[in-house]
There are 2 protein chains.
Amino acid sequence: MMDQAKRERLASKGWKVGTVSDFLELTAEEAIFVEIKLALSQNLKERRQKLMTQTELASKISSSQPRIAKAENGDASVSIELLIRAVLATGATPQEIGQVIAGVG
Amino acid sequence: MMDQAKRERLASKGWKVGTVSDFLELTAEEAIFVEIKLALSQNLKERRQKLMTQTELASKISSSQPRIAKAENGDASVSIELLIRAVLATGATPQEIGQVIAGVG
DNA sequence: GGCTGATATATCAGATATGATATATCTACG
DNA sequence: CGTAGATATATCATATCTGATATATCAGCC
């Protein structure tokens, strides 16, 4: 079970987990979906930090530094689309992305 | 190298691969991104057909039958978001989704 | 042929994610 | 301290994706 601290951390990023009952309304699939996004987000941050600045990565994918920051911080407004585009731009292979997702759950 | 037939197949779904030069403007990462979407699309169709109708799946994820049809046919207007939500709704695990993505490339 | 259920295609108004911009915060170094 | 580079936060107009709806096509069966 997810603890209070984690719920608050997610809620602060815009995820709809404010109250306990709200949280319980998340279906198992929705929960997995969020976890996949968070896993990609973490992976992006790790890979990017070794290679370049947020500004450099942003220009590679015609995005902006603020959006990369949100992507790396698990902001709910960032789509999986952008997360995957960004991870690919760090040189990740489909195999690596697959492993990150498989590591969820 | 992708052949003419495949280019035409993609273009017909809305992908920007109309002319050869347009096609060549796709970066390697963009190409991988499209392939990931197509792999998820195929996987969705296979899994869903064994379990339920498009209409049933649509209601599970508060979508519509036409949108599921587009998702299964690799239409460019369908996001990875929707593809993953749909695959999860067929009961796929993160492990299975990871494998599908890892299988690209 | 006609009927029925499933899937595909077309259109569209509304919702959501987007990049841009401005600015704030942080960190390291002089 | 002050300056510089990197990252975080806020706001916003626009582009893209969305579900809904209507309708077309297809397959199997009578």
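Numbers restart at 1 for each chain; the letters A, B, ... are given by sequence-line order, proteins then strands.
To the nearest angstrom, C1' of C:dT18 lies 16 Å from CD1 of A:Ile80. Between the C1' atom of C:dA10 and the CG atom of B:Asp75 lies a distance of 11 Å, rounded to the nearest Å. For B:Arg85 and D:dC17, the CZ to C1' distance is 12 Å, given to the nearest whole Å. C:dA6 atom C1' lies 19 Å from atom NZ of B:Lys50, rounded to whole Å. Look at CD1 on B:Ile84: it is 15 Å from C1' on D:dC17, rounded to the nearest Å. The distance between atom CG of B:Asn73 and atom C1' of C:dA8, rounded to the nearest whole Å, is 7 Å. The distance between atom NZ of B:Lys70 and atom C1' of D:dT23, rounded to the nearest whole Å, is 13 Å. The distance from atom CG of B:Leu82 to atom P of C:dA15 is 18 Å, rounded to the nearest whole Å.
Closest to the side chain of A:Ser63, from the set C:dA8, C:dG19, C:dT18, is C:dG19. For B:Val78, taking side-chain heavy atoms from C-beta onward, the closest of the listed nucleotides D:dT18, C:dA10, C:dT7 is D:dT18. Listed nucleotides D:dC17, C:dA8, D:dG19 differ in distance to B:Ala69; the shortest reach to its side chain belongs to C:dA8. Distance from the side chain of A:Thr53 is smallest for D:dA6 among the nucleotides D:dA6, C:dA17, C:dT9.
If you find the closest nucleotide of DNA chain C to B:Met52 and to B:Glu81, the one lying nearer the 5' end belongs to B:Met52. In terms of position on DNA chain C, the residue among A:Ser64 and B:Gln49 whose nearest nucleotide sits closer to the 5' end is B:Gln49.
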Test log, rule side-chain contact (heavy atoms from CB on, under 4.5 Å), inputs B:Ile32 and A:Thr93: CA-CA 9 Å; B:Ile32 292 172; A:Thr93 61; over 6 Å; no
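Side-chain contact between A:Gln54 and A:Arg67 is absent, with no heavy atoms from C-beta onward closer than 4.5 Å.
No side-chain donor-acceptor contact under 3.5 Å links B:Trp15 to the backbone of B:Arg7.
For A:Glu29 and B:Arg85, the salt-bridge test fails: no basic side-chain N is under 4.0 Å from an acidic carboxylate O.
Across all strands shown, B:Gln65 has heavy atoms under 4.0 Å from base atoms, whether or not it also approaches the sugar-phosphate. Among the atoms of the strands shown, none is found under 4.0 Å from any heavy atom of B:Lys13. Across all strands, A:Arg48 comes closer than 4.0 Å only to sugar-phosphate atoms, never to a base (heavy-atom distances). Heavy atoms of B:Ile68 sit nowhere under 4.0 angstrom from any nucleic acid atom.
Using a 4.0 Å cut-off, no side-chain N or O of B:Ser77 falls inside it from OP1 or OP2 of D:dT16. Contact check, B:Lys45 against C:dA8: a side-chain N or O comes under 4.0 Å of OP1 or OP2.
When the shell of 6.0 Å around CD of B:Gln99 is examined, it contains 12 or fewer heavy atoms from other residues, nucleotides or ligands.
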